[in-house]
Structure formats: C-alpha cells, structure tokens
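Only this structure's heavy atoms are used, side chains among them; waters, hydrogens and symmetry mates stay out. In each ligand, atom 1 is the first atom listed, and ligand 1 is the first ligand listed. Just so it is clear, the model here is predicted, and its values are computed rather than measured.
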Amino acid sequence: MGFLGICKEFSTIAMMLTVILTSVAAQAKPGCQSHCGNVSIPYPFGTGKGCNISEYFFIRCNTTFNPPKAFLDTDNIEVVDVALDGQLRIQNWVSYDCYGPKGRLWYLGRELTLAKFTLSRTRNKLTAVGCDTYVFFEGYSESGQRYSTGCVSFCNKTTDVTNGSCSGTGCCLQEIPERATSYTLSFSSYTYHADILSFNPCSYAFVVEDGAYTFTIPDLFGYNMSYKEFPLILDWTIGNQTCKEAKNELENYVCKENSACIDAENGSGYLCKCLDGFQGNPYLSNGCRDINECETTRPCNTTCHNLVGSYNCSCPEGFDGDGRKNGTGCSPKVSSGGQNFPVLNVALGIGISLPAFFLCSSCLYLGLRQRKLTKLKQKYFRQNGGFLLWEQLSKREDCGETAKIFTAEELKKATNNYHESRILGQGGQGTVYKGILPDGRNVAIKKSIIGDESQVHQFINEVIVLAQINHRNVVKLLGCCLEIQVPLLVYEYIRNGTLFDHMHNAAHHAPPIPWETRLKIATETAEALSYLHSAASPPIIHRDVKLTNILLDDNYNAKVSDFGCSRLIPSDKAQITTLVQGTLGYLDPEYLHTSQLTEKSDVYSFGVVLIELLTGLKVLSFERPEAERNLAMFFVSVMKEERLGDILDGRVVNDENIEQLKEVAILARRCVRVKGEERPTMKEVASELEGLRAMKKRKSGKDYLQEEEEHEHLLYGVYNDRPGYEGSSINSIGYYSINNPDNFEIYGGR
Ligand SMILES: *[C@@H]1O[C@H](CO)[C@@H](O)[C@H](O)[C@H]1NC(C)=O
Ligand SMILES: *[C@@H]1O[C@H](CO)[C@@H](O)[C@H](O)[C@H]1NC(C)=O
Ligand SMILES: *[C@@H]1O[C@H](CO)[C@@H](O)[C@H](O)[C@H]1NC(C)=O
Ligand SMILES: *[C@@H]1O[C@H](CO)[C@@H](O)[C@H](O)[C@H]1NC(C)=O
Ligand SMILES: *[C@@H]1O[C@H](CO)[C@@H](O)[C@H](O)[C@H]1NC(C)=O
Ligand SMILES: *[C@@H]1O[C@H](CO)[C@@H](O)[C@H](O)[C@H]1NC(C)=O
Ligand SMILES: *[C@@H]1O[C@H](CO)[C@@H](O)[C@H](O)[C@H]1NC(C)=O
Ligand SMILES: *[C@@H]1O[C@H](CO)[C@@H](O)[C@H](O)[C@H]1NC(C)=O
Ligand SMILES: *[C@@H]1O[C@H](CO)[C@@H](O)[C@H](O)[C@H]1NC(C)=O
Ligand SMILES: *[C@@H]1O[C@H](CO)[C@@H](O)[C@H](O)[C@H]1NC(C)=O
Ligand SMILES: *[C@@H]1O[C@H](CO)[C@@H](O)[C@H](O)[C@H]1NC(C)=O
C-alpha cells in the first residue's frame, strides 16, 4: 500500500516482464512441439525429429483425432499426461469375460507389453468387477522375473453389494508386483454367471490408477463396462545405468545445470531433478531456473533477498533476527551496531548467464570491460535490476540521449569518496552528492536508499522514465552505476539550487526572485509537467511536484527533478502528518481520499506551487498553522473573502503586475479545486501561463523592469521590518489599500 501511480504501473511492467521470462522457457526442447492436443510433452519426450532423447521417448501425435491424441510410439499406447517426476499416465482398456444363457459370449484378456517403461506399483491397483469372478494377473519384471497375483469377487444379489467398496463382494482390488513391464489378465468363473445373469453377465478386470475408478452397482449390469478405458501410471527412467555409472560415461549423463541425479528405486536407469530452490526441466540446458522465493512464498517479514537457489531475509538497521515469518522475525537490537545496507533483488527468473547482459547494445554504452567484472559486481548489477534496465533500454529503438553506465570506481573518484563536503542534499530517497568527472564536468550523484523490492522497481522506473524523457525543463539523467550495493544515479548538475532555496532559504541573501522570473519558472514547470502527462503512454505522473523538486540553472530556467516517487503515503492519515509532513501541503486531497492517482494530482501540487510563488508563504511552516498546514485551502478562503491582496508577496507585487498576479491567482485557485475533474489539465495551465507572459511582454513597454525593481526595493524594506512572515498580510494590506484600493473588487465576481 502506498506506492501508487507511475510507481505501481512500472512495477507491474517489471513484474510482467519477470513472468514472461519465466513462462517463455517451454518444457519441450527448443524448436520442438510442446503439446499434442492438450497433452504437454516435456523433453526428454518429444514428437518431432531430434526432439526425443531416445526412441522410447518418441511421442506420435495423431492429428486425425480432434483434439489430436498422443501415443507412445514404441508401445502404441495413448498417453494422456507426461510428468517430469518420472511418471506417465496412459489410457488402458478393460478386459472382460461375458456370458449369456448359452454360455460364454465374449472374452478378452488384454495384455500390455511395454518396451522400456514399467507399471508403477504404488500408484496402480488390479481391479476386478463381477459376481462370479476370478481374475489372474501374470506379469514379467524388467529383469524377466515372473509374478502372478489375482483377486476374486462374488455376490448372490445386488443388495449384498455396496457402492464404492471393492472388498470382494461385487468388486475386488489387488496390489500389483514391482516394476512389471508386461502383464496378461485372464478370467475364470465358478458357475459361468449362471445364477446371476439377470444382473451380472460379465466379469471385468483392469489395472488402474489408484483412485481413478470407483465401483458402483450399475457397473455389474449389462455389457457396457467392456468399452471403458481407465488411466494407468507408468514409471519412466533414463537409460539402464545408475547415476554413478552414467556420470562416468558423460555422453550418457543427461542431467543439466542446477539439477541432481536420482537412481530409480528398485530398477535400472535414473532421473534428474532440479535442486531445491530451482524449478523447471532438468533435462534441458538452463532448464532449472531459480525460484524467486521472495515473490512466490513471501517468506520474510521484512526485506527479502532472492539468492540463486535460495533466499535470505534481513532485518532493518537496528533490528536483530532471521526476518522470517515462521522464524524469529525481527526485534529491536539491544545495542545498535554498524551500517547495514539492505540489498534486494529483481526477479530474473531465467538463467541467462550474466555476461550475456553485457553484450554491447547500441543504446547502452558499457563502461566496463567484461573481463574486469568481478563476481561481486555482477551480483550487484543483477540485484540492482541491471538486467531489467538493460532489457528496457535495449527495447527502445530511438537511442537519442544515451544513458551511460558508470563504474563504481569512477563515481567514487568523482565524489572524493562520497565526502561530506560534497553533499548537496539529503532526503527520504537518499543522498545527493556533487561529483566532478575526469573531463571536468560537474554532475549530481544520487545514492539511493533501497529498502525493499518495490524500491528497486522504483529505482529502475526513475532510470527508465528519465531515459525516455528529453525536455529542456526536465533534469537530464546522464547515467547510472549498478555494480555496487547501493545503486547510483548520475544527473546533470544544476548549479543554482532549488526553487525552495530561492523562495525561502533564510541564509540566501540574494534579493527575492522577481515576479516575472517566477512566472517564467511556473510556465516552464507547467510545460514540463504537461509534457510528462502527454508524451509518454501511460502518462508519467510526477507525484511529487513541489518547490524543492524544481531546480534552477544560472539563467533561472526551471528543471523538474526527482522521479523516484519514493514518497510513501501511508493509508493511515495520522501517520501522514508525522511521516511525510514535508510534502503534505502539496498532496491532492482527492487522492488522499480515494487513493486514485491521476494527472490531476500533479495539477493540484502545481497549484500549490503557484500559490507559493504568489504569496511567498511556505507550505507547512508551523509558525502559522491555520494558514500553511493547508496553504491551498487558506488561499481559497482568502480569495473568497476578497482579501487576496492580504497575502500576495509584498516583495514582488506592484501596480504593473497586479492584474497578472490576480489572473495567476485565479488559475491557481482552479488548480487546487477539491474535485480533480474540475481542475484544468496541465496543458491548459501551461498555455494559460504562456498567454499571461506574452500579455505582460506586450504591455510592459519600456522601462518596466527598472520600475519593478524600484517597487521591489521598497517592498523588500517593508517586508524586512516585520518579524518573519507573521505580519505580512497586515503590511501588505496597508500597502495595497493605500496605493490601489480598487484592486480587489473583481475576485468575488469570478
Ligand atoms: C485433455 O482433454 C480431455 C477431454 O477434452 C480431458 O479429459 C483431459 O483431462 C485433458 N487433459 C489434460 C492434461 O488437460
Ligand atoms: C526419437 O525417436 C525416433 C522414433 O522412435 C527415433 O528414430 C530416434 O532415433 C529417436 N531420437 C533419438 C535421439 O534417439
Ligand atoms: C491415426 O489414427 C487413425 C485411427 O486410429 C489411424 O488410422 C492412423 O493410421 C493413425 N495415424 C498415425 C499417423 O498414426
Ligand atoms: C451365495 O449363495 C450361496 C448358496 O446359495 C451361499 O453358499 C454363498 O455363501 C452366497 N454367497 C454370498 C457372497 O452371499
Ligand atoms: C449406487 O450408485 C448408483 C450410481 O451412482 C446409484 O444410482 C445407486 O442409487 C447407488 N446405490 C446405493 C445403494 O447407494
Ligand atoms: C449401455 O449403453 C447403452 C448405449 O451406450 C445404453 O443405452 C444402455 O442404457 C447402457 N446400459 C447400462 C446398463 O448402463
Ligand atoms: C542398457 O542399454 C544399452 C543400450 O540401450 C544396451 O545395449 C544394454 O544391453 C543395456 N544393459 C542392460 C543390462 O540392460
Ligand atoms: C524396493 O524393493 C524393496 C525390496 O525388494 C521393497 O521393500 C521396497 O518397497 C521397494 N521400493 C519401492 C518404492 O517399491
Ligand atoms: C542476504 O543476502 C545478501 C545478498 O547476498 C547479503 O548481502 C546479506 O548479508 C545476506 N543476509 C543474511 C542475513 O545472510
Ligand atoms: C519455515 O518455512 C519453510 C518453508 O515453508 C520451512 O522449510 C521451514 O522448515 C519453516 N521453519 C520453521 C521454523 O517452521
Ligand atoms: C511478522 O509480521 C506480522 C505482521 O506484520 C506480525 O504479526 C508477526 O508477529 C511478525 N512475525 C515475526 C516473527 O516477527
């Protein structure tokens, strides 16, 4: 719960990718037909040339039937199911011995002779049905040994007989001998059914899968049972050697990677089985694939790491325990120890060997040479979703801007080993460092905090989203580094800091940003968001539009940043005020209410940004809780009371631009409407702002800027007389009321 919108969509894509990768690997030999009718045919069985491991495993698919039927070629028996655990289900006819008043009518004692496979002793039973019935089973084992067994069943009237019971009255059961490769059934009777012809003219016998036949009284009547078929289970093995013998003659040994050899019980040949933690077809190369326990059984209470063939759970920093749901879980540590970065994994599903990921792709410049990769680096690359990323990037046809993969070494050097002095910012998602590349370029390097699996997806999302985006008002991703435990993202370095710093940072002694610049920044931000909403499908919802995520370059060009959307919004609202207070003021109330994230949530957040630009007020400045805890609501109520002049930023407003500020205020009010559908789209907002700017330029004629500066100077003075923001409304009111008392009449009318 909590990761929504783009985050959710992209992790779904990532998950789908995993599923596809897993299911693509068919159980048949590559290039071979995997099904005959509805019977799946896994290798070592096969139905085409070169698709079977030996002649005994050849399946003839007869398409004159609809659906087609599969036959074991050597024995000409219909196969209905093939299991890789060494068993095979076939269809088997019933043997019968039928009588009329003049004696025997029909007799068929069927034989079954198997070329290589054997009857499963444990899963089949000899079954006979009849009321004057002796059945004999004569079988031969693999080694040629002969066995006989049988059963008898009698009854005088149907009322003696019980449905479902095969205990010798109407029906009998008998175990069959070990590993029979052939058998014959024969019958005998005491009175040729003479006394019971009225209700039981036939004796029937068959070897059947245990549980597949349930005796009922009507089966005694008539001759219809003669036409029935029942399933029978065969055991199959590879070859006639033991595992040990086969391993000594490697050309006879067929178990592939991540599988084990198992000797057939009481017989010749062997089977292969995927090792614990793997699943798939052990007879195929790369057939046994790692099971991602983290996704299938979710065994951990906390962070789950899928390892090849297993998994482990880890507890968050400051906690001890095995992290397992059925284990000790996690409990707070008594004394807190050292750093402990949780790491996770993206399900890779398929056992493509790692170096294959590093095949050069035209879209991906690889800064490493294959032979330099250590095992560890490969591991982290994998854990950090390198494969997923590689997949995504290589799917893109238009290379355009290329994302470079940096080495850990390069970035360590660039940040002077992540020195404290290089920290540009720190947040919920990680730490941003300033880096200097060997070519002298400045970059910003984000060291992401990855807490759990969904965050890996988020991290990949950010890379994928940014790699797709090429807009002058969106911060550019230069590359990433995936080979260390913590993934790193490398961005263009935006020198002038965040819009928040410029608007609110007390230590920032520069004069306040003039209104015209604010409008330019707002317009550019709106254009960037509009682009995000329209350029990609599904639309990219930024989800965290706020002053601190709008960066400014030297020319005050806006650069929208931070696509990690790692902001967690707990469903419990009490937690919101404490956990994500930093952006609470920007959160779309409709979204909080319904959890339905749409583009309109960005419109809301952007509306709050406009309000901040208009008023200079800070979202969540707790000095004035009634106002800024919900700045948007406060703003709307002030507008309703026609007191807008009270809260406009006195440092930038003047006679020339007041009309424009009013227009922007009206736009902002529309953006923060409670109902998303009543808000304008980002595209409309962008074009409206662009229109206002154009209007301003036309109007502003000659020495407008200079004039504005004078006003600012004056206003700045007024502003500085006040203790903080506290009295700003009162002073502004005074100023505007005196200078232009007519300014505020229109607001109520709109
Ligand atoms: C195949 O189809 C038949 C009848 O349509 C059904 O009885 C049988 O269970 C199916 N087998 C498998 C493996 O799905
Ligand atoms: C597969 O079965 C066919 C038909 O029995 C046989 O001719 C062929 O040799 C078998 N393939 C292998 C590899 O043994
Ligand atoms: C398919 O089954 C039909 C009917 O039993 C039989 O006549 C035909 O020879 C079979 N074809 C093959 C290729 O086995
Ligand atoms: C059937 O009847 C005969 C004599 O009529 C009797 O000897 C025999 O025990 C009966 N069998 C059963 C199973 O009831
Ligand atoms: C036995 O089973 C058949 C068919 O399921 C049913 O018609 C009959 O009533 C059952 N007889 C008894 C005694 O339960
Ligand atoms: C045997 O089958 C025929 C047709 O298939 C049906 O008409 C008859 O009722 C059946 N008899 C019994 C005893 O089930
Ligand atoms: C094992 O199989 C091989 C080839 O299939 C055959 O030549 C050999 O005689 C068999 N050995 C035994 C003991 O069955
Ligand atoms: C294998 O043979 C032994 C003795 O012959 C027997 O006790 C055991 O049950 C057999 N194993 C299976 C799985 O049938
Ligand atoms: C779990 O596996 C990860 C990745 O291999 C490793 O870094 C971590 O130390 C392991 N944790 C435990 C508790 O074994
Ligand atoms: C926990 O579950 C796993 C897999 O379900 C099982 O192998 C293990 O024995 C269980 N451990 C405990 C302590 O119950
Ligand atoms: C695992 O989490 C659940 C709910 O989050 C909790 O009830 C349970 O006690 C935890 N198990 C352990 C072993 O910590």
Side-chain angles (χ1 to χ4, degrees), residues 27-39 41-80 82 88 90-93 110 113-117 127 129-131 153 155-172 196 198-200 202 204 208 211-225 227-230 234 236-241 246 249-256 268-270 272 281-285 287:
Q27 301 270 291
K29 198 169 175 180
C32 291
Q33 194 177 325
S34 64
H35 286 81
C36 173
N38 65 357
V39 181
I41 308 173
Y43 190 73
F45 291 86
T47 184
K49 205 167 181 331
C51 292
N52 48 316
I53 204 167
S54 79
E55 65 199 285
Y56 304 116
F57 293 82
F58 187 77
I59 300 281
R60 184 160 39 81
C61 191
N62 191 329
T63 51
T64 56
F65 298 95
N66 186 18
K69 287 186 177 179
F71 292 86
L72 203 51
D73 191 47
T74 44
D75 305 312
N76 201 22
I77 313 170
E78 187 187 351
V79 175
V80 290
V82 181
L88 196 63
I90 62 171
Q91 281 295 82
N92 190 29
W93 296 94
R110 289 188 186 273
T113 305
L114 300 164
K116 158 104 172 80
F117 304 142
T127 305
V129 173
C131 285
S153 170
C155 42
N156 286 338
K157 42 190 190 310
T158 50
T159 47
D160 297 341
V161 181
T162 315
N163 276 344
S165 160
C166 278
S167 51
T169 308
C171 173
C172 62
I196 53 173
S198 61
F199 69 92
N200 179 234
C202 297
Y204 303 104
V208 63
Y213 170 71
T214 306
F215 170 68
T216 64
I217 296 164
D219 291 343
L220 293 171
F221 290 83
Y223 307 97
N224 286 4
M225 275 281 284
Y227 309 114
K228 293 237 162 109
E229 286 178 88
F230 289 107
L234 303 186
W236 58 266
T237 58
I238 304 286
N240 58 13
Q241 296 174 306
E249 291 175 44
L250 272 182
E251 72 274 15
N252 292 333
Y253 186 65
V254 300
C255 300
K256 296 292 196 284
S268 68
Y270 63 90
C272 309
N281 189 335
Y283 302 97
L284 291 172
S285 280

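Just one of Trp236, Tyr283, Tyr56 meets the side-chain contact (heavy atoms from CB on, under 4.5 Å) condition when paired with Phe45; it is Trp236.
Ligand 3 has at least one atom lying under 4.0 Å from a heavy atom of Phe65.
Applying the salt bridge (charged side-chain N to carboxylate O under 4.0 Å, His left out) test to every pair with at least one member in residues 45-64, sequence neighbours left out, gives these pairs: Arg60-Asp73.
Judged as a ring-ring contact (aromatic ring centres under 6.0 Å, His included), and not counting sequence neighbours, Phe71 has no contacts. Asp219 meets the salt bridge (charged side-chain N to carboxylate O under 4.0 Å, His left out) test with no other residue; sequence neighbours excluded.
Put simply, the side chain of Lys256 does not reach to within 4.5 Å of the side chain of Pro282, judged on heavy atoms. Using a 4.5 Å heavy-atom threshold, the side chains of Asp75 and Thr113 count as separate.
Less than 4.0 angstrom separates some heavy atom of Thr64 from each of these atoms of ligand 3: 1 (C), 2 (O), 3 (C).
Checked against a 3.5 angstrom limit, the closest N/O atoms of Asn163 and ligand 5 fall inside it.
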Which atom pairs, nitrogen or oxygen on both sides, join ligand 2 and the protein at under 3.5 angstrom?
| unit_1 | atom_1 | unit_2 | atom_2 | d |
| --- | --- | --- | --- | --- |
| ligand 2 | 2 (O) | Asn52 | ND2 | 2.2 |
| ligand 2 | 11 (N) | Asn52 | ND2 | 3.2 |

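If you check the gamma sulfurs of Cys166 and Cys172, they are not less than 2.5 Å from each other.
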